[in-house]
Structure formats: C-alpha cells, structure tokens
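We're numbering straight along the sequence, starting at 1. The structure presented is a predicted model; accordingly, all values stated were derived computationally and were not measured.
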Amino acid sequence: MKITVDTSICEVHGDCVVAAPDIFDIGEDDDVVQVLDAEPGEEHRATIVQAAKMCPVAAIRIEG
C-alpha cells in the first residue's frame with residue numbers, strides 16, 4: 001500500500017498522528033502532516049485506515 005497526504009487541504013489537526021504515530025508526524029516547524037513511511041507493511045493497514053477516517057478534511061489517501 002502507498003500512503004499520501006494532500007498537503008493542499010491538510011489542516012494539521014493531528015488526528016492521524018494520534019491514530020498512527022509510526023506512520024504520520026507533525027514537525028515543530030511544519031504546517032502539514034508528514035508521512036514517515038509512505039509504503040508501510042500490511043500490519044499497519046488497520047491503524048492507517050483509522051487515521052484516514054479520523055481526518056476531518058479527508059487529506060489522507062491509501063492506494064493498494
């Protein structure tokens with residue numbers, strides 16, 4: 001699977017970081033969420049799907 005964040009609509013609510021901290025992060029000076037692992041293993045799918053569902057602006061895309 002491949003994970004992307006649409007930075008043009010990300011509002012940095014941080015819900016994805018709470019749901020999947022191994023995959024998403026917000027740096028100290030960043031105004032968008034960073035994807036730490038753009039191609040994580042299947043063992044992370046459930047938390048990533050949850051993170052995408054929690055995003056209030058639907059900025060997270062999961063391919064594959």
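Every pair tested for salt bridge (charged side-chain N to carboxylate O under 4.0 Å, His left out) that includes a residue from residues 53-64 fails, sequence neighbours excluded, so the list is empty. The salt bridge (charged side-chain N to carboxylate O under 4.0 Å, His left out) contacts involving residues 16-25 comprise nothing, where partners must be two or more places apart or lie in separate chains.
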Name every donor-acceptor pair, under 3.5 Å, that has one atom in a side chain of residues 1-10 and the other anywhere in the protein, sequence neighbours excluded.
{"residue": "Asp6", "atom": "OD1", "partner": "Ser8", "partner atom": "N", "Å": "3.0"}
{"residue": "Asp6", "atom": "OD1", "partner": "Ser8", "partner atom": "OG", "Å": "2.5"}

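From Asp37, atom CG reaches atom CD1 of Ile23 across 5.0 Å, with rounding to the nearest 0.5 Å. Atom OG1 of Thr47 and atom CE of Met54 lie 11.0 Å apart (nearest 0.5 Å).
In the hydrophobic clustering of this structure, Ile48 groups with Val12; members are Ile, Leu, Val, Met, Phe, Trp, Tyr whose side-chain heavy atoms approach within less than 4.5 Å, directly or through other members. Taken together through direct or relayed side-chain contacts under 4.5 Å among Ile, Leu, Val, Met, Phe, Trp and Tyr, Val57 and Ile26 form parts of separate hydrophobic clusters.
Using a 4.5 Å heavy-atom threshold, the side chains of Val35 and Phe24 count as touching. Residues Cys55 and Asp15 fail the side-chain proximity criterion, which asks for heavy atoms closer than 4.5 Å.
Arg45 pairs by the salt bridge (charged side-chain N to carboxylate O under 4.0 Å, His left out) definition with Glu42, not counting sequence neighbours. The salt bridge (charged side-chain N to carboxylate O under 4.0 Å, His left out) check on Glu43 picks up nothing, with sequence neighbours excluded. For His13, the side-chain hydrogen bond (donor to acceptor under 3.5 Å, both in side chains) partners two or more places apart in sequence, or in a different chain, are Glu11.
The shortest heavy-atom contact between Cys16 and Val33 is SG-CG1, 3.6 Å.
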